[in-house]
Amino acid sequence: MENAKKKSLIKSLKYAIFFVLLFAALVIIDVKNPSYSMIITVLKKGTVYALIAVSMNILNGFTGLFSLGQAGFMLLGAYTYAVLTMTNEAREAVYYLSGYSVTFTLPWYVGLILAGAVAAFFAFLIGLPVLKLKSDYLAIATLGFAEILRAFSQWAKLEKITNGSIQLRDYPTFSKSSLLEGTVFENASLTPYVLIVSLCLLLIVLMINSTYGRAFKAIRDDEIAAEAMGINLAHHKRLSFITSSFFAGIGGALLAIYQSSITASQFKSSTTYEILLIVVIGGIGSITGSVLASYLYIACSEWWLRGLDSGSFLGLNLPNVFRSGFRMVVFSVIIMVIVLFFRKGIMGERELNLDRVGWFFTKILPSLFKKKNKAESGKEAVK
Amino acid sequence: MRLRNEGEHDHEYVTDSSRGDLTFMQETTDIQIGELSPNSVLKVENITMQFGGVVAVNNLNMEVNRGEIVALIGPNGAGKTTAFNVITGVYEPTNGAIYYNKKLIVENKPRGKMKKYYSGQNAGLYYKSISKTPDKITALGMARTFQNIRLFKSMTVFENVLTAMHVRRTSNFFTAMLHLNFSEEKKMREETASLLELVGLSDVKDDLATSLPYGKQRKLEIARALATHPKLLLLDEPAAGMNPQETEELTQFIRYIREKFDLTVLLIEHHMNLVMDISDRIYVIDFGRLIAEGNPEDIQKNPKVIEAYLGGSDNG
């Protein structure tokens with residue numbers, strides 16, 4: 001018993017050190033690079049997408065509810081944040097057509113929490129009728145509600161709150177904060193995203209590993225058995241839907257902060273598909289998979305595969321083939337390959353396992369080098 | 001199998017239509033409503049379950065007393081599993097009432113379309129409409145296993161049992177999320193470990209539930225049901241697909257857990273050796289109707305039961 005305790009302590013210590021190192025690495029990258037550099041942009045957007053993808057994974061991966069409403073809840077979060085945190089001077093400029101009816105200004109952190117809360121509240125309302133549906137029907141209904149939310153935010157009668165279909169901007173963002181002026185973190189813009197998303201992910205991981213998380217997984221595995229074991233299906237599905245939407249709302253607010261201006265038209269169903277793609281690539285039912293996949297996806301679409309759209313890629317200069325839109329063709333092929341051959345994604349249902357990572361670095365890599373050395377020494381012997 | 005799909009019973013309708021007029025077989029009942037024996041744990045009273053025109057369970061009356069092992073047997077398609085599903089709340093009965101621990105938990109009368117099509121008996125006896133979902137019934141202290149094993153496939157043996165403890169939680173979502181309920185969690189884990197020890201699965205506790213051999217999966221299902229702390233355990237064909245030796249072991253196992261946890265057991269089974277060996281009383285149903293009730297010796301001699309199992313002379 002003592003031994004087991006010691007082992008688990010060492011294990012959690014290992015993970016703590018790993019995450020501290022990871023965080024330190026991100027902070028160093030942040031401090032060393034200017035905020036407009038590509039790596040910072042990719043890491044920022046990747047961090048925001050990681051939270052949104054994990055929030056979708058709570059529902060689709062852990063509770064087995066196939067929902068496509070994520071864009072709608074992101075929109076709610078983004079708009080709540082933007083509308084409530086803007087200063088009145090900014091409102092004068094932004095609502096130049098209609099005038100504005102929200103006259104108070106909240107601090108950014110309250111706005112962020114309210115963004116989640118509003119999304120969660122709407123999830124509760126939408127969940128009442130929608131969660132009685134199963135599989136594809138649930139997907140269609142949530143997709144429909146997301147589109148309704150988007151159309152609703154562009155409604156002319158709500159102009160004084162949502163500014164109709166004109167964009168919202170000039171709300172507080174992290175890059176404009178004057179709190180850290182004069183320190184090493186003066187031009188740090190990535191760290192706040194990483195901190196907030198890490199906190200949210202920590203909460204999600206704790207939730208998944210609690211008794212409620214196990215109940216969600218039980219519903220995914222077998223609804224009838226779960227109900228027979230005393231798990232109230234309606235209650236737990238609603239909880240899962242609300243939690244997922246809460247974090248999607250915060251993710252949406254962070255996306256608004258990242259972009260520094262938002263319009264309702266960008267939260268189309270294609271946004272949901274993008275996130276679904278990340279979840280599938282990462283592995284449905286794996287949090288670390290979703291995080292890894294969102295960085296990978298954002299890096300590909302914003303950075304590594306850019307050349308496919310602009311003429312030259314991997315040293316090939318074919319402006320006739322590599323022109324605007326070709327990137328999406330390549331993406332479609334990648335999706336098809338993943339769906340056909342790697343249905344479980346990068347991680348499947350597993351989570352990041354440090355032992356496996358360590359095993360890779362201590363056993364596999366050295367053995368590769370050893371072989372090389374042996375071959376070389378063999379050659380020398382022949383000589 | 002999708003239990004809630006009524007359409008599945010449509011094919012039975014065709015075969016059952018040759019059964020003849022139901023009114024011909026009706027008998028008057030002398031059951032008094034709400035009359036319970038002093039040790040009653042479960043009382044099923046005039047339960048009728050009708051899907052469309054098909055009467056799957058017809059006026060079933062059963063009573064299970066504290067500490068008993070009662071078997072429910074009958075030929076294929078007799079309505080045993082439907083009766084189980086009504087008791088555990090998967091179906092809402094068309095007419096009748098169910099008492100658990102002398103408390104009324106389910107009561108229903110023909111409603112809506114059924115008012116017109118109801119072809120069972122005692123239609124006027126009940127007037128309330130109380131129903132409970134399966135999770136509420138499990139929380140009351142009734143746990144079940146399934147005919148076709150339904151374990152949580154992606155979970156380990158340990159997690160399967162641990163998940164079933166969720167019903168007895170005292171923490172709410174937020175305290176559980178922030179892990180403020182660690183003492184409860186620790187207790188759950190300890191209890192799971194001791195339960196697995198007791199049923200003899202502690203050596204495979206970290207294996208995937210679906211990787212276990214068939215007999216052990218059955219055992220795990222029973223262990224998972226026990227984790228909800230039931231007073232009444234309902235076993236749906238626990239020995240299905242087992243060889244005689246495994247069946248013998250199962251018999252011992254059911255006896256053992258009954259003593260250990262002070263359980264009352266109601267089981268459906270086709271293995272007659274097991275049924276005759278283990279049961280205190282047996283109910284026999286055929287075409288949804290109760291045809292005999294009594295101790296194993298009487299049931300074996302009962303001509304109606306023999307006819308139901310082997311076919312009577314008029315069935316050719």
Side-chain angles (χ1 to χ4, degrees), chain A residues 1 4-5 8 12 58 61-64 120 132 134-135 199-243 246-247 283-286 344 348-351, chain B residues 1-4 84-85 88-90 133-146 148-155 159-182 184-185 188-189 209-210 221 224-225 227-230 234 236:
Chain A
M1 205 62 202
K5 251 186 190 170
S8 75
S12 43
I58 296 176
F62 288 99
T63 323
K132 287 180 183 145
K134 281 186 182 162
S135 64
L199 182 67
C200 291
L201 291 184
L202 179 72
L203 283 175
I204 292 172
V205 169
L206 284 176
M207 191 269 288
I208 292 295
N209 287 325
S210 75
T211 178
Y212 280 84
R214 288 194 294 271
F216 291 166
K217 285 185 211 163
I219 292 173
R220 170 190 68 189
D221 283 356
D222 195 323
E223 259 185 34
I224 291 164
E227 199 173 20
M229 290 303 120
I231 294 167
N232 187 334
L233 287 187
H235 178 67
H236 284 81
K237 282 181 178 178
R238 207 183 305 132
L239 269 180
S240 167
F241 197 55
I242 289 173
T243 317
F246 178 81
F247 288 112
I284 296 173
S286 165
K344 294 208 150 176
E349 268 181 24
R350 286 162 302 168
E351 294 295 345
Chain B
M1 191 179 74
R2 289 183 307 171
L3 289 174
R4 278 183 180 162
F84 248 49
N85 285 339
T88 53
V90 177
T133 47
D135 56 286
K136 299 264 159 45
I137 286 179
T138 306
L140 283 174
M142 225 193 268
R144 72 173 292 183
T145 64
F146 293 90
N148 41 354
I149 299 172
R150 285 180 171 276
L151 291 168
F152 302 131
K153 293 183 193 69
S154 69
M155 297 190 198
E159 285 171 330
N160 259 281
V161 178
L162 192 57
T163 304
M165 306 243 169
H166 184 68
V167 66
R168 290 185 287 112
R169 72 191 179 276
T170 52
S171 54
N172 64 32
F173 185 66
F174 293 102
T175 54
M177 187 176 186
L178 300 171
H179 285 227
L180 297 172
N181 63 339
F182 46 86
E184 187 189 48
E185 181 83 16
M188 278 181 178
R189 285 177 186 273
T210 42
E221 250 208 339
R224 191 180 64 174
T228 65
H229 279 201
L234 297 110
D236 196 347

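Throughout, a chain's letter reflects where its sequence line sits, starting with A, and its residues are numbered from 1. The basis for the numbers below is simple: all heavy atoms, side chains too, and nothing from hydrogens, waters or symmetry mates.
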Chain A contact via [X] - side chain, backbone, both or neither, heavy atoms under 4.5 Å:
X: B/Ala143; result: neither
X: B/Thr88; result: neither
X: B/Asn181; result: side chain
X: B/Met188; result: side chain
X: B/Arg168; result: neither

Legend entry - Contact class of A/Ala226 relative to chain B, heavy atoms under 4.5 angstrom: both
Return the [atom1] to [atom2] distance between [X] and [Y], rounded to the nearest 0.5 Å.
X: A/Ser210; Y: B/Phe174; atom1: OG; atom2: CZ; value: 11.5 Å
X: B/His166; Y: A/Arg214; atom1: NE2; atom2: CZ; value: 9.0 Å
X: A/Tyr212; Y: B/Asn172; atom1: OH; atom2: CG; value: 6.0 Å
X: B/Thr133; Y: A/Glu227; atom1: OG1; atom2: CD; value: 6.0 Å
X: B/Arg150; Y: A/Asp221; atom1: CZ; atom2: CG; value: 12.0 Å
X: B/His179; Y: A/Thr211; atom1: NE2; atom2: OG1; value: 10.0 Å

Contact winner vs chain B - [options], heavy-atom pairs under 4.5 Å:
options: A/Ala215, A/Gly230, A/Ala234, A/Gly213; result: A/Gly230
options: A/Arg220, A/His236, A/Lys217, A/Glu223; result: A/His236
options: A/Asp222, A/Ile208, A/Leu203; result: A/Asp222

Inset, instruction - I would like to know whether A/Met229 and B/Val167 meet side chain to side chain contact (heavy atoms under 4.5 Å, CB included); could you show each step before the answer? - result: CA-CA 7 Å; A/Met229 290 303 120; B/Val167 66; over 6 Å; no
Inset, instruction - Check whether any side-chain N or O of B/Thr138 sits under 3.5 Å from a backbone N or O of A/Ala228 as a donor-acceptor pair, and report yes or no. - result: yes
Inset, instruction - Heavy atoms only, distances under 4.5 angstrom: which of B/Thr163, B/Asn160, B/Thr145 has the most pairs with chain A? Name it, please. - result: B/Thr163
Legend entry - Over all atoms of both residues, closest heavy-atom pair of A/Asn232 and B/Lys136: ND2-NZ, 3.8 Å
